[in-house]
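Here is the structure we will look at, set down as structure tokens.
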Amino acid sequence: MTAAFRGRELLPSRIAIAADEALDCYLERLAVANDLPSAQMMRLLTRPEERRAPSSAFLMVKPDPAITDRIASLGGMPIPSLEGATLMRFGDGLPLRLDGLDPRRRHSFRQVVTQGWFPQFGSQACPLCLAVDKIWRVEWRLPIVAVCVKHEVFLTTGCTGCGMRFRAHRHSPLRPQLGQEQPCGNPVGLRNPCKHPVTAHSVEPAPEAVVDAARVAKRALTRQPVRMLGRQSDPQTYLAELRHLATLLLHLLSRQEATSFVDWAGDIHVEAVKRTTQRRGPRWGISPPQSARLRGHVLSEAHGILSQTGFDEAATRLSPVDRHSG
């Protein structure tokens, strides 16, 4: 079938990209609609043309313009919609800064990954969402997102079949096997992808306060202003302060003497010990907890402090944590 699509003409079957869909998910659905294996779809996208082959590196972060142009040519979707299906949607401080990343120069990735709470390789997921609409949402990539506000559950961060983060296939952004059951697809051996269904994972309900905080963060991610410390704040400032305050709380709650303050502080301490070396501590400012449950709780606490009517009230809300950790 590859020979039928040697040019840049539209594929026979086109589909619309969902408003919050991740680009790799869209490409998988486009492949299925045209009866193309994932590997064949990638060959179409990266085939050399005019002495240069589009690069699939950083496809979900800030894709090579040549590959978005190729995707647009094959699928018929406008380029802004395709870029909005990547982490470019969250650039300009919402909450990421991607200005220093050049997708054609791999070393430039170092300039953006150290900004703090930068998305890991792969994705989180809500199995309940995937069971209904089959759409992987681009926001699931963000560490600052820990909850599915639609189903009010913590996101699932990894596959129980292979033990890895979802969509962690480093050689291709598309899963090698596709299907309604949403197979994990991570490599577990030579040409042996994990077949465990993502939709088969159990979910954990999130407390009301955690869901409420997640809804506010979601509004900020969509460029809506948020009320913070008694005043209307632009979304970039709110998201930055939310992350900074959550980082402070993680450092305070990871101490042994603070583990009795909340029932989930002990888990933070355990992860902090695992991540501490002789040279440095857990570096919460760079990488938050792996667990969506822990991130959801600490972000909720940070939001609660930022929701106070002023600095004095916020300091009063924070002081019990500071006392227990000190």
Side-chain angles (χ1 to χ4, degrees), residues 16-26 28-29 60 84-87 89-90 94-95 117 119-120 122-168 175 178-186 194 196-224 226 235 238-239 242 246 262-264 267 288-304 307:
I17 192 168
D20 55 356
E21 184 175 10
L23 183 57
D24 50 6
C25 175
Y26 166 72
E28 290 175 348
R29 294 198 301 117
M60 286 307 305
T86 72
L87 293 181
R89 173 191 289 249
F90 307 110
L94 290 167
W117 286 45
Q120 299 181 53
S123 179
Q124 306 173 97
C126 173
L128 302 180
C129 285
L130 287 173
V132 174
D133 58 24
K134 319 301 181 187
I135 298 297
W136 287 76
R137 287 161 174 73
V138 64
E139 68 183 40
W140 292 346
R141 256 74 175 185
L142 297 174
I144 208 168
V145 175
V147 171
C148 171
V149 298
K150 179 179 180 179
H151 293 106
E152 301 186 352
V153 297
F154 290 110
L155 295 179
T156 303
T157 56
C159 178
T160 57
C162 64
M164 292 186 286
R165 187 173 168 86
F166 297 124
R167 307 188 78 95
R175 291 171 293 171
L178 307 175
Q180 292 296 315
E181 71 281 3
Q182 295 290 325
C184 167
N186 284 332
C194 176
H196 190 72
V198 180
T199 54
H201 289 75
S202 60
V203 295
E204 179 183 353
E208 183 179 359
V210 175
V211 176
D212 290 343
R215 287 198 174 99
V216 175
K218 188 176 180 70
R219 289 203 300 271
L221 291 171
T222 56
R223 301 181 180 274
Q224 299 180 54
V226 174
Y238 170 77
L239 290 169
L242 182 69
V262 289
D263 57 5
W264 41 272
D267 294 333
Q290 298 285 336
S291 164
R293 174 177 171 269
L294 293 182
R295 280 184 282 113
H297 277 294
V298 76
L299 287 166
S300 176
E301 290 295 328
H303 171 71
S307 297

Whether [X] side chain and [Y] backbone form a donor-acceptor pair below 3.5 Å:
X      : Y      : result
His196 : Cys162 : no
His201 : Val198 : yes
Asn186 : Cys194 : no
Arg141 : Thr86  : no
Arg295 : Gln290 : yes
Arg293 : Phe154 : no
Thr199 : Glu181 : yes

Original post:
Considering all heavy atoms of both residues, which atom of Tyr238 and which atom of His303 are nearest to each other, and what is their separation?
Top reply: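 Heavy-atom minimum between the residues: OH-ND1, 2.8 Å.
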
Original post:
Heavy-atom count around Gln224 CD within 6.0 Å, excluding the residue itself: above 12?
Top reply: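 More than 12 within 6.0 Å, yes.
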
**OP:** Go through the steps for Glu21 and Arg29 under the test side chain to side chain contact (heavy atoms under 4.5 Å, CB included), then give the verdict.
**Re:** CA-CA 11 Å; Glu21 184 175 10; Arg29 294 198 301 117; 2.8 Å; yes

**OP:** Would you mind listing every side-chain hydrogen bond (donor to acceptor under 3.5 Å, both in side chains) that reaches into residues 207-218, with sequence neighbours excluded?
**Re:**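 Every pair satisfying side-chain hydrogen bond (donor to acceptor under 3.5 Å, both in side chains) with a residue in residues 207-218: Glu139-Lys218, Glu152-Arg215.
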
Original post:
Looking at residues at least two apart in the chain, or sitting in another chain, which of them share a ring-ring contact (aromatic ring centres under 6.0 Å, His included) with Tyr26?
Top reply: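 ring-ring contact (aromatic ring centres under 6.0 Å, His included) list for Tyr26, sorted by chain: empty.
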
